[in-house]
Amino acid sequence: MRDAGVRRDVGVAIGDDGRILAIAPDRELRAQFPKATEIDCAQGVLTPGFVDSHTHAIFGRSRHAEQEMRAAGVGYMEIAKRGGGIHSSVRDLRERSEDDLVMLAAERLARLAAHGSTTIEVKSGYGLSLESELRTLRVIRRLAQDLPIRLVPTFLGAHEIPLEYREAPRSREDYIAVLIDEMIPAVAKDSLARFCDIFCEPGVYTPAEARRVLGAARAQGMALKLHADELEHAGAAELAAEIGATSADHLAAVSELGIQALANSGTVATLLPGTMLFLGRNKQAPARAMLDAGCAIALASDFNPGTSPTVNFPLILTLGVSQLRLSVAEAFIAATVNGAAALGLAGEVGQLAPGFSADLALFDVRDHREIPYWYGDQRCVATWLRGRPGYAPKRLSH
Ligand code: NIG
Ligand code: FE
């Protein structure tokens, strides 16, 4: 991860099939492809589009009131216990139509894309009933067809135990049965999700429950992810490594054993520094220790209404460097190559190299290190997906 392979004074040749053909100095490309249409990048910095491998982008209204509550000393889990947090997004989403959710999410995904993300994983998880979870996943499917963004759908019916399963006659065990016997088979039947995820955290799902839910999802052909050791340690990273999850995400409270387990596995450690920043917790995942141990680290936004409402992926790079102490090269690789690996797309996106999909982002800076440096700014000027224009947030100015 030390070498991001930065090149200067080159152009990218893209084939009609939307794949990268060659990267070489302009003169060579002109000789090789004399009929090609040219786009002038005005000496900006062209990167692989960011691969944002962890978002919860399908929700109704914002939850801005919770930010002030936390500032006044009420914790994230305490807000959830009072019926706020994820539960308030669930109440809200259940009342919304598919069209309404498509409209809201299209606007938000456009904002994410305008900052340079071309692949975005999107989780369900604010429905928590068979019907509303399927509705959420259908929203993602529609958006994947309509928007110039590569969307990867994840089923997160195990985001919480819904409130109606917390009192007799129903129990959490009943909800887990619904997940395993109804929701996962229905999601699999219509191929609505590539991944199944679960919030494995003290106070939410236990590792034993996660093992059962994810086992059922794997049996139906889904790949696996976990919200692991986010706020308190529960051994979720160890579980992710043991069961061969594609990624273990968050990890701010990962243990030494968890780090070792991840390092010895093929599971990507996905770090979400925006979440810890926004929650005001002065504790980030031990990224340096993880890299030293040999973990593959990805960075993602965790875009969601409760813990990380940012659409700005370059800001996540900033936090990667300034809070997680990654080098700029490590941060870029975490945001591209390893993000792709966290979605099982390592051979398809995340690199500017022949054969890869021409998913690109162009930034109005002269040096790639300026992207994490101008923190919070909007420097992305255009994106391309499969070689075709995606978003063009700004005019190039040099
Ligand atoms: O990744 N941890 C659980 N899920 C989200 C937060 C969801 C919410 O608060 O709405 C997360 O932080
Ligand atoms: Fe999350």
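Just so you know, ligand 1 is whichever comes first in the structure, and atom 1 is the first atom listed for that ligand. Here the structure is a predicted model, which is why all the values come from computation and not from measurement.
Residue R63 places a heavy atom less than 4.0 Å from ligand 1.
Considering backbone and side-chain N/O of H250, one or more are found under 3.5 Å from N/O of ligand 1. Between H227 and ligand 1, a contact under 3.5 Å exists for at least one N or O pair.
Not less than 6.0 angstrom separates the ring centroid of F199 from the ring centroid of Y205. With ring centers used as reference points, H56 lies under 6.0 Å from H227.
By the 30° and 60° cut-offs, the orientation of the rings of F59 relative to Y126 is perpendicular.
Note on D359 versus R150: salt bridge recorded, some NZ/NE/NH1/NH2 to OD/OE distance being below 4.0 Å. E98 has a carboxylate O that lies under 4.0 Å from a charged side-chain N of R138, or vice versa, which qualifies the two as a salt bridge. Salt-bridge formation is detected for the pair E78/R82: a Lys NZ or Arg NE/NH1/NH2 atom is positioned less than 4.0 Å from an Asp or Glu carboxylate oxygen. One finds a salt bridge joining R96 and D92 here, because a Lys/Arg side-chain nitrogen approaches an Asp/Glu carboxylate oxygen to under 4.0 Å.
Atom 10 (O) of ligand 1 has its closest protein heavy atom at Y126 OH, 2.6 Å. Of the protein's non-hydrogen atoms, H159 NE2, 2.8 Å is the one closest to atom 4 (N) of ligand 1. Shortest contact from atom 12 (O) of ligand 1 to any protein heavy atom: T307 OG1, 2.7 Å. Of the protein's non-hydrogen atoms, H56 NE2, 3.6 Å is the one closest to atom 5 (C) of ligand 1. Distance from atom 11 (C) of ligand 1 to its nearest protein heavy atom, with residue and atom name: D302 OD2, 3.2 Å. The protein atom (non-hydrogen) at minimum distance from atom 2 (N) of ligand 1 is E230 OE1, 2.7 Å. For atom 9 (O) of ligand 1, the closest non-hydrogen atom on the protein side is Y76 OH, 2.5 Å.
When each of I243, D229, L262 is paired with E238, the side chain to side chain contact (heavy atoms under 4.5 Å, CB included) condition holds for D229 and for no other.
Taking every heavy atom of H54 and a limit of under 4.0 angstrom, the matching atoms of ligand 1 come to 1 (O).
Rounding to 10 degrees gives 80° for the angle at the Fe ion (ligand 2) between OD1 of D302 and NE2 of H54.
The Fe ion (ligand 2) is closest to atom NE2 of H227 (considering only N, O or S atoms).
Between I14 and L21, the closest side-chain pair of non-hydrogen atoms is not below 4.5 Å.
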